[in-house]
Amino acid sequence: MHSHPAYAIVVHGGAGKWSGQPEAEVLDGVRRAAAAGLARLADGEPALEAVIAAVCLLEDNPLFNAGTGAALNSEGEAELDAGVMVGEGLRSGNVAALRRVRNPVLVARRVMEATPHVLLAGDGALRFARAQGFEDYDPVTPERRADRQRRLAARERGEDLPTATEPDADTLTRGTVGAVALDTRGGFAAATSTGGLTLKLPGRVGDSPVPGAGNCAGSHGAASATGQGELMLRFGTTRAVCEMLAGGHHAQAAVATVLARMGSLFKGDVGLIAVDRLGRMGIAHNTPAMPHAFAGARLALQARMRG
Ligand code: ASP
């Protein structure tokens with residue numbers, strides 16, 4: 001065992017092309033999120049506090065597809081999915097297709113802490129949020145409205161619809177956000193938040209609020225996924241990563257192996273981050289880019305567009 005606590009955090013801002021995006025601002029966003037989480041870990045706070053702090057900052061940043069600036073569904077509404085998981089006791093709270101809150105990840109945390117349930121959806125999730133004191137908030141930005149109009153016009157012209165993760169250069173490529181952390185006591189947590197895929201059907205739920213699909217933490221590691229959520233739901237992507245971490249694999253080997261396994265079954269965008277018991281990180285994606293940042297007790301804070 002290492003005597004020095006190996007705390008670490010990794011965050012991502014969504015797998016995609018990210019072409020034509022303000023790269024410096026995007027990298028600044030993930031860097032600040034990782035720094036916020038790192039500060040909690042360095043203070044000895046639990047991994048849960050670190051991933052929540054990181055994801056809240058990214059939800060509030062309109063550059064990313066989560067919270068403010070979330071992608072809109074076919075009816076022009078932002079339906080938000082978010083999940084948190086704590087390795088110890090495999091505790092998890094999640095919200096799906098939740099409307100009109102500022103920080104869905106905080107509502108997901110309340111589901112974990114204040115209910116016997118794991119996942120609340122739609123109107124029930126909204127009523128729960130209000131009962132818990134989360135105020136009415138409109139996360140829709142003018143950029144997202146304009147993006148939706150462009151895509152609807154393309155659909156009317158009979159052109160193929162770019163999805164949130166396969167955008168044209170001139171459409172928004174802003175991605176889902178996620179964070180994974182290892183704390184000074186060896187505990188893990190993961191948090192993931194998204195507006196899902198642009199022009200998705202109302203009521204569509206992706207992988208982010210489903211433990212083991214888009215978000216997972218165990219006693220040997222944690223993982224967060226981004227990309228076409230239907231694939232992660234079918235594969236059980238982050239569970240597969242966590243099982244590899246429990247088998248003693250390096251975080252990088254775990255995410256690379258799971259990405260390759262998925263690639264042999266499906267075509268589609270996937271991005272993964274993970275952290276293992278030694279505070280080592282894993283970064284893998286099959287998209288041109290996936291902004292991410294990482295930092296830890298033995299790891300200087302770094303932000304990159306691709307792994
Ligand atoms: N995984 C998210 C979803 O399918 C989307 C994304 O990561 O961009 O809802």
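Every number for a ligand or one of its atoms is a count from 1 in the order of the listing.
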**Study point:** Backbone or side-chain N or O of Thr176 under 3.5 Å from ligand 1 N or O
**Key:** yes
Check your understanding: Looking only at N/O atoms, are Gly227 and ligand 1 under 3.5 Å apart anywhere?
Key -> yes
Review point. With no hydrogens and no angle check, is any side-chain donor or acceptor of Asn103 less than 3.5 Å from a backbone partner on Leu106?
Key: no
Practice item. Below 4.0 angstrom from a heavy atom of Thr226, which ligand 1 atoms are there? Numbered from 1 as shown, please. Key: 6 (C), 7 (O), 8 (O)
Point to revise | side chain to side chain contact (heavy atoms under 4.5 Å, CB included) partner of Leu272, the single match among Ile283, Thr226, Val255 | key: Val255
Point to revise | Residue-ligand contact Gly214/ligand 1, heavy atom below 4.0 Å | key: no
Practice item. Indicate yes or no for a side-chain donor-acceptor contact from Thr238 to the backbone of Ala213 under 3.5 Å, with no hydrogens or angles considered. Key: yes
Review point. Below 3.5 angstrom, do we get any N/O pair linking Asp81 and ligand 1?
Key: no
Point to revise | Asp207 near ligand 1 by a heavy-atom separation under 4.0 Å | key: yes
Practice item. Quickly, which of Pro209, Ser193, Ser208 forms a side chain to side chain contact (heavy atoms under 4.5 Å, CB included) with Pro104? Name it, please. Key: Ser193
Revision key, fill the gap. Heavy-atom proximity to atom 9 (O) of ligand 1 ranks first, among Met290, Arg204, Glu230, for Arg204
Exercise for review: Take the angle between the ring planes of Phe235 and Phe266 and call it parallel below 30°, perpendicular above 60°, tilted in between.
Suggested key: perpendicular
Review point. Passes salt bridge (charged side-chain N to carboxylate O under 4.0 Å, His left out), Asp28 versus Arg32? Steps please.
Key: CA-CA 6 Å; Asp28 187 56; Arg32 283 191 300 114; 3.2 Å; yes
Exercise for review: Considering the heavy atoms of Gly196, write down every atom of ligand 1 situated less than 4.0 Å from one of them.
Suggested key: 9 (O)
**Study point:** Min N/O separation Gly175 to ligand 1 under 3.5 Å
**Key:** no
Check your understanding: Which of these, Val30, Ile9, Val180, Val10, sits in a side chain to side chain contact (heavy atoms under 4.5 Å, CB included) with Phe294?
Key -> Val10
